[in-house]
Amino acid sequence: MGGKRLLSINNLSVWYTAKNHPVLSGFSLELASHEVVGLIGLNGAGKTTFIKTVAGLLPGYRMDGATWNNHPFSFRDKTFKLNRYIVFAEDRSFQYFTFWEYLTYVSASYKIPLPDVSTLTKGFHFADYTHVLFKEMSTGNLKKAYLITAFALRPKLLLLDEPINGLDFQSTEFLYRLIGGYKQYGTILFSSHILESICLTCDRALVLAHGKISRTFSNAEIATGNLREVLTNETNR
Amino acid sequence: MRQTVKALSKQLIGANYDRAGASLLAAIILFVAIDTAGVQIKIAPFILYLTSTFFTAGVMWQTLTGQRYIATMQGMFMLPFDNCSFVFSYVSVLGAHTLITKTLPMWALLFAAATWSAWEIMLAVLCGCMACMATAAGYQMCHKGNRWLPLFWTVCTAAIIASARQLLTVLAVATLSFLSAILYLSFVDAYDFYRSTATQKPIRHIGHTGNMFLYLTRYLLANQNYLMNTVGLCLIACFLPILFQAFPNLHMFPIGCAVLSLNTPISTLLSSDPDLEQAMCALPGQTARFGWQYVLFIFAVNMIVASFYLCSWLITYGQTNFSSIGMLFLFALQNAVLSVILEWKKPIRNWKTESDLWRHPRKYLIPLWLIWQAACYAI
């Protein structure tokens, strides 16, 4: 992990029903600025739970401490929210907005001018859908709308939950290029089941198992074979 | 058929049918409470039959046209099934859900508040069951583009029950409607109960303004049930002053203002759309950006309804004063602000159908608070 420390979370526990049945337990994480980190794990490992906790959506959590730019913070702090954007795995919000209306609304929420998205809409083959209501879009097009918004806003931290799901082949290739090229603007943490996406784009890969980060791979260690072996071992436990 | 009924029942009534138990318990408590309180009023039997029929029909229609569980139905429709068996399983479960969770508490209220014979009670239950079947049949007819027949059927049923009022006549009408509905449903296609969301070509909206007021207006116009509810409130607003003529010694104007705050659909936006609620929590600055726009929207709708009320009051009584107009404004504003605060802080979760959302006990909090204020003023 190179670069200045951006986000640090120490000993996070998250639960849905009862404290003694946590989904995440002893989860610690550090993200540097300008890096791409992948989060992998089996179904039910807690990837989405972690992302929703950072989004401030889940009330049942406890941690020893968290810092943002080396300052203590909470997930619902306004400053933190203004510097991060999240693309959820399943999201059908703002059904009655078109993409342009959604982008305008979100840009105003983040207090930035309306960004130029021509390259992004072209790359995702989304130009024909920018004036269609979200409720009339397919799953894949909806995912594209949120991804375009994410990369257009360029926040310091992007959290992407299963961003590849629902995308066609060309859009997937374009997304890999966007993720790889995002380091000049900020940091990306994304979860994925597609090992190829991790191997092609990430500086670090974190394996989530038993409620915490069990293994970390960096740079040359990130290879499909290594990741497959670790995940297979987790399955067999 | 048994497996289909079991699967659908668990979906609607809970994995352990706990919602049925809760509803039964609530009905028993309501019955005992009113019976113990000694509240006894005289209700004509035809009112009981009409209420059983049309209240149940309204809830059943809401459930049939709801969107909440369509995604889960997709899985059931994918599997092989016997058409007739599926249709009757589906209608029976939705009907049972409607009767147990919605109509039962209403029956408990009516049965406790007045004295009925066993035949009248049984006929009321039959009217409820008939309403479930007839509504499903009417829904299928509307789906095929035939809106006049169900409308004619509804009007005839209401007219006969209201005018004849004889137990045997009502029994005959209910039985005939029930059997006719069953006969019709025997020949429908089960797939007609599944509604794909992509039914028409997408409309292009050229504007670029991400205005939440525009969003809420589209939301209201797109959901016909919500719009019908608001229109219905406007109609009630027109009739309230006429009804209040029965209470000449009380200042009923504020009571009317409070009653008209029962516009549940527009004040459950976040509860009805968990993804939007998630986005509101995740995006920065939404308390101001979304919250105030939502208050403004509910206030605007309230003022439209209130305008109908005020005009009807002026026509009925010929006069009003500035304090009444000020009260109208104040009640509409209070309702809007409190509704948004309640929706923001305590959204309703774990609901199965839209009628569960619309009839959640939370909906009565603000009207009760406003009625208390109005009662203090009236007295």
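Just so it is clear, the structure is predicted and the values come from calculations on it, not from any experiment. Chain A is the first sequence line, chain B the second, and so forth, proteins listed ahead of strands; every chain is numbered from 1.
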What is the minimum heavy-atom distance between A/Tyr105 and B/Gly210, and which atoms define it? CD1-O, 3.1 Å
Mark yes when over 12 heavy atoms from residues, nucleotides or ligands other than A/Tyr176 sit less than 6.0 Å from its OH; otherwise mark no. yes
Residues 282-290 of chain B vs chain A, non-hydrogen distance cutoff under 4.5 Å, contacting residues -> B/Ala282, B/Leu283, B/Pro284, B/Gln286, B/Arg289, B/Phe290
Spacing of CG belonging to A/Leu133 relative to OH belonging to B/Tyr215, to within rounding of 0.5 Å: 9.5 Å
Please report the interatomic distance CE(B/Met280) to OG(A/Ser109), rounded to the nearest 0.5 Å. 7.5 Å
Counting only heavy atoms closer than 4.5 Å, note whether A/Arg76 contacts chain B via side chain, backbone, both or neither. neither
Min side-chain heavy-atom separation B/Gln278-A/Leu57 under 4.5 Å: yes
Relative to chain B, which of A/Phe75, A/Phe80, A/Phe88 shows the most heavy atom pairs under 4.5 Å? A/Phe88
Out of A/Tyr85, A/Tyr129, A/Tyr110, return the one with the most heavy atom pairs under 4.5 angstrom to chain B. A/Tyr110
Check each atom of B/Leu214 against the heavy atoms of chain A and say whether the ones under 4.5 Å are side chain, backbone, both or neither. side chain
Does NZ belonging to B/Lys144 count more than 12 external heavy atoms closer than 6.0 Å? yes
A/Gln95 versus B/Tyr219: any side-chain heavy-atom pair under 4.5 Å? no
Answer with side chain, backbone, both or neither: which region of A/Val106 has an atom nearer than 4.5 Å to a non-hydrogen atom of chain B? side chain
Most heavy-atom pairs under 4.5 Å with chain B, out of A/Lys111, A/Met137, A/Lys52, A/Arg92, belong to A/Arg92
Please step through side-chain hydrogen bond (donor to acceptor under 3.5 Å, both in side chains) for the pair A/Tyr96 and B/Asn223, ending with a clear verdict. CA-CA 11 Å; A/Tyr96 297 96; B/Asn223 290 283; 3.2 Å; yes
